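The structure follows.
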Amino acid sequence: MSDPATPPRSLAEDLRGRDDASLTVLLRSRPDLITPVPTDLTQLATRAGTRASVVRALERLDRFALQTAEALAVAADPATYDELLALMAGDEGDPAVTGALPHALGTLREQALVWGADDRLRLVRTARELLTPSPQHPSPTGLGPTVQEATAGMSPGRIQEILTTAGLSSTHDAVSAVSALTALFTDRTRMTALLADAPEESREVLARLVWGPPYGQVTADPAARLRWLLDRGLLLPTAPGTVVLPREVALHLRSGRAHRATEPLPPPVEPASTHGPQVVDATAAGQAYTALATVEELLKDWHEGGPAVLRAGGLSVRDLKRTAVALDVPEPVAAFWTELAYAAGLLASDGEADERFAATPAYDEWLEQPAAERWVRLAESWLAATRTAGVVGGRDAKDRTLSALGPGLDRSAAPEVRHRVLTLLAGLPQGASPAPESVLARLRWERPLRGPQRDDDLRARLARWTLNEAELLGVTGRGALSAHGRALLGAPEAGPGGKPAGGRDRSSGPSATGPTASTGPTGATASAAGAVATHGAAPAAATPSASTGPGDKLPVHHQHPRPAGPPEPLSPVEQAVASAAAARLLAPLLPEPLDHVLLQADLTAVAPGPLRRPLADTLGVLADVESKGGATVYRFTPGSVRRALDAGRSASDLHAFLAEHSRTPVPQPLAYLIDDVARRHGHLRVGAASAYVRCDDDAVLNEILADKRAAGLRLRRLAPTVLAAQADPAGLLEGLRAMGFAPAAESAEGDVLITRADAHRTPPRSAPEPVPDGPPTPDATLLAAAVRAIRAGDLASTTPRKPSGAATATTGGELPRTTPAETLATMQAAVLTGESLWIGYVNAEGSASQRVIAPVRVEGGFVTAYDHTADEVRTYPLHRITGVAELADDQI
């Protein structure tokens, strides 16, 4: 640790002064910094300042933290906390800003975007370059360049003329002239007096430029109202025909505010309507049951091989329309159900030469699970999936249409947005459904777009899709989060009044804290009225050490309340517990499967509710679904009965099945239909010749030959009971069935072939892996190991070494250099004395590193030592050690 009394001179020194908890928060919030693990804190600081990493960190700030960074970008470098507060709150002050600023600054510090004590706040250089106003990249603050920047190319004589016109004394050089002009513009009293003499038209010009953009166009001969401003430097030329409002002038006109409107607190999510919790849960359960039925219907329709896979991958527009018609839903909803089945691993391509989509073996296992567990699997897959059905029908970067089940549908932000939207719903009272626009406003505050705001930004579209898909899936009911949806998130159960009643808070976005007071750097106490916005739990209050005196400065990482880091995702064990709780809450709300139907005289059967799996499977083969809803109506037809007979059932089996599962007597017309189809079923036999027909009754064969519809089959008699055909067996079967016969296919051995509707399955397939949005959040074990390795590497690179004539002098972190004999002698001496050494080491891949070791044994060309850098005992070949040096006393 560095001395807290000495201000850090760089970000690396600032990180060196932090404790392990602060480094852990940094690495958790910016996981790209440990991929791979830095060798020391200097490398960590360098990586934290790279453009890609800084851009990613800025994009993950909430609006107020980003506004704080933007204010620092237009402040002096370094700036004091009071200067920053003035830029954020203005001359009038704002209690909400005053209360929220310590937390926002703490967030920037924890993410290594800001470093230094309160009297020397520095924005990292890359962030300042990204956020500082420029003509090419205007700042959201609407501010322009400073007087010094705007007058950089101006002649000294012109600057002196401006001083004189503004009522200031001339100076001996341009630098002092610019300083005098800057002092004038930053002096509230003198600026007020100067502007009081301005013509009304000139003040109107300033009013149009004050909130940005700060640039304007002028002619070669400016009007009098512009000439008055130009003569006094209130407008400065930047290019021929272009003028700019200097930053200092704009800040005076704004009463010191860097932003037109600061947003220290997140906008609340407003309830649009409220329903009874029982109504919400019942509605959501009904939607959950419909979701299960829809996925089953989709995959049942593709049992024997679904639509063909496009050459570029995915489902054709025509096949998606057919699927939508079959499911009786709009095409975007059909795309959602197909993508959901694919994400859950229930649907995939079969990989054949004529590639088609079909159900996977996992689908059969899924069907055997209880309904609540089947729903949980769908909901979990939806929450974690990065594939986004909402973009189906859009265009990719190459202007190609995005198709369902095809490539290019992954949107890495989708899982985070889904969790965040549902978490916001969980924060409302039970039964309350949110106003969609308030949800979108909250998400925009939590992740503001850098640049012009757009209504069609991806996060907003993902949020809208989430609200719709959650309703379709049954996570919500009537727009409100259901009890089983809340449990699936691992959110605490709601207590009296609908507010969370305890448990682990996993809110990933900012929310107003409770009445926790914190003392800011200015000594003011932020009360509940000025509560700060936090990520997750409320920050812990800073606690000075016992040795801190009244006038001492606290270490940087203790000056402000520590904001909570990003929420930790549910661990596999926690997710399993949450899923089990969701299934337990949903199960009583789902209709109990029935073991009976009601047969009617019009050749229909009514299922008054969901049917048990064996009954539903058999009835699905024996009859066709005529209508769906609260009750499902099945219709028996000759074709459906023949389908059951083709599946290996006999007439007696079908009679017994219906009698067993019907609460009403089997109607006579249905019994006659079964017997009639069974009597003719298999009377004809079709095999391969190209194909043949055989029948014991030659009169039936004569009837076929005499039928004009048989001309296309090109039949001829081979024997009194055998006909040969030029058509293939499948075509011959279809042709004879179209003529009203009920032929059966037979094998080469003469046995009847049994065909089943669920015969086609893909080989075992894994569900698609989500495409992460950057490096995954490291777990606690990895973070602890990374911090330990970084500390050890930093120790090796910064530990003072004893001066030695044997070791070559090293600078800038270079490896020590000694001869092999000197290395061996130093190692052997260290074994006897128990001292630690600093070594340079090159591994088998040629990678060089510095290490601090305590030698234990030297023999056979190897040294066995405790490696402080790796925190374990290791053995090193002596020939790979570049050199060795003793450490200064009391360093290990």
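In what follows, residues are counted from 1 in the order of the sequence shown. Note that the structure is predicted; figures quoted are calculated from it, not measured.
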Between the NE2 atom in His681 and the CD1 atom in Ile674, the distance rounded to the nearest 0.5 Å is 13.0 Å
Apply side chain to side chain contact (heavy atoms under 4.5 Å, CB included) to Arg642 and Arg737, showing your working. CA-CA 10 Å; Arg642 184 178 65 242; Arg737 286 171 179 169; 3.4 Å; yes
Backbone N/O of Ser433 and side chain of His275: donor-acceptor pair under 3.5 Å: no
Backbone N or O of Leu622 within a donor-acceptor pair of the Ser640 side chain at under 3.5 Å? yes
Do Leu327 and Val333 touch side chain to side chain, with heavy atoms closer than 4.5 Å? no
Evaluate the side chain to side chain contact (heavy atoms under 4.5 Å, CB included) criterion for residues Gln369 and Val376: first the C-alpha distance (whole Å), next the side-chain angles of each, then the deciding distance (0.1 Å), finally the verdict. CA-CA 11 Å; Gln369 296 175 340; Val376 164; over 6 Å; no
Nearest 0.5 Å, please: how far is CG in Asp364 from CZ in Arg761? 4.0 Å
May I have all residue pairs that pass ring-ring contact (aromatic ring centres under 6.0 Å, His included) and include part of residues 635-660, sequence neighbours excluded? Phe657-His661
Determine whether a donor-acceptor pair (N or O, by modelled atom type, separation under 3.5 Å) exists between the side chain of Arg356 and the backbone of Gly306. yes
Begin from the C-alpha positions of Arg395 and Thr401 and carry the test side chain to side chain donor-acceptor pair (under 3.5 Å) through to its verdict. CA-CA 5 Å; Arg395 296 280 179 174; Thr401 302; 3.2 Å; yes
Determine whether Leu473 and Leu340 make a side-chain contact, defined as any pair of heavy atoms from C-beta on separated by less than 4.5 Å. yes
What residues, two or more places apart in sequence or in another chain, satisfy side-chain hydrogen bond (donor to acceptor under 3.5 Å, both in side chains) together with Thr360? none
Per the salt bridge (charged side-chain N to carboxylate O under 4.0 Å, His left out) rule, what does the pair list look like for residues 374-385, sequence neighbours excluded? Glu296-Arg374
Let me have the donor-acceptor pairs involving side chains of residues 279-288, under 3.5 Å, with sequence neighbours excluded, atom names and distances please.
| from | atom 1 | to | atom 2 | distance (Å) |
| --- | --- | --- | --- | --- |
| Asp281 | OD1 | Ala483 | N | 3.0 |
| Thr283 | OG1 | Val279 | O | 2.7 |
| Gln287 | NE2 | Glu471 | O | 3.3 |

Side chains of Val391 and Trp465: does their closest heavy-atom pair fall under 4.5 Å? yes
How long is the straight-line distance from CZ of Phe357 back to CG of Leu298, given to the nearest 0.5 Å? 11.0 Å
So which heavy atom on Thr338 is nearest to which on Leu347, and how close? O-CD2, 3.7 Å
Within the distance-only criterion (no hydrogens, no angle test), does the side chain of Ser412 pair as donor or acceptor with the backbone N or O of Val771 below 3.5 angstrom? yes
Find out whether Thr476 and Ser482 are in side-chain contact, i.e. whether some heavy atom of one side chain is under 4.5 Å from a heavy atom of the other. no
Might you point out which heavy atoms bring Trp337 and Leu472 nearest each other, and give the distance in Å? CH2-O, 3.7 Å
Measuring from atom CG of Leu467 to atom CG of Leu462, what distance do you get when rounded to the nearest 0.5 angstrom? 11.0 Å
Using every non-hydrogen atom in the two residues, find where Gly620 and Lys300 come nearest and quote the distance to one decimal. CA-NZ, 3.4 Å
Side-chain donor-acceptor distances from residues 582-598 under 3.5 Å, at least two apart:
| from | atom 1 | to | atom 2 | distance (Å) |
| --- | --- | --- | --- | --- |
| His596 | ND1 | Arg663 | NH2 | 3.4 |

Without hydrogens or angle criteria, can the side chains of Arg461 and Thr388 be said to hold a donor-acceptor pair below 3.5 Å? no
Using only heavy-atom distances, determine whether the side chains of Thr604 and Asp602 contain a donor-acceptor pair under 3.5 Å. yes
In this structure, CZ of Arg447 is separated from CG of Leu458 (nearest 0.5 Å) by 12.0 Å
Show the nearest heavy-atom pair for residues Ala480 and Ala432, with the distance to one decimal. CB-O, 3.4 Å
Audit row: Tyr634, Leu611, side chain to side chain contact (heavy atoms under 4.5 Å, CB included) steps and yes/no: CA-CA 12 Å; Tyr634 295 86; Leu611 300 177; 4.0 Å; yes
Are Leu367 and Asp617 side-chain neighbours, meaning at least one heavy-atom pair lies under 4.5 Å? no
Are any non-hydrogen side-chain atoms of Trp366 and Leu292 less than 4.5 angstrom apart? yes
State, yes or no, whether a side-chain contact exists between Leu489 and Leu481 at a heavy-atom distance under 4.5 Å. yes
Evaluate Val439 against Thr466 for side chain to side chain contact (heavy atoms under 4.5 Å, CB included), listing each step before the verdict. CA-CA 11 Å; Val439 174; Thr466 296; over 6 Å; no
Give a yes or no on whether the backbone of Ala413 and the side-chain of Arg459 come within a donor-acceptor separation of less than 3.5 Å. no
Give me the atom names and distance for the closest heavy-atom approach of Pro770 to Thr386. CA-OG1, 3.4 Å
Taking every heavy atom of Ala487 against every heavy atom of Ala578, the minimum-distance pair comes out as O-CB, 3.3 Å
Has Arg765 got a side-chain atom pairing as donor or acceptor with Leu346's backbone, closer than 3.5 angstrom? no
Taking the side chain as C-beta and beyond, is there a heavy-atom pair between Ser403 and Val317 under 4.5 Å? no
Do side-chain atoms of Arg400 reach the backbone of Ala397 as a donor and acceptor pair under 3.5 angstrom? no
For residues 306-327, pull every pair meeting salt bridge (charged side-chain N to carboxylate O under 4.0 Å, His left out), keeping only residues two or more places apart or in separate chains. Asp319-Arg322
Between Thr323 and Ala334 (side chain of the first, backbone of the second, donor and acceptor by atom type, cut-off under 3.5 Å), is there such a pair? no
Without swapping roles, check the side chain of Thr423 against the backbone of His419 for a donor-acceptor pair under 3.5 Å. yes
So does Trp382 get a backbone contact from the side chain of Arg418, meaning a donor-acceptor N/O pair under 3.5 Å? yes
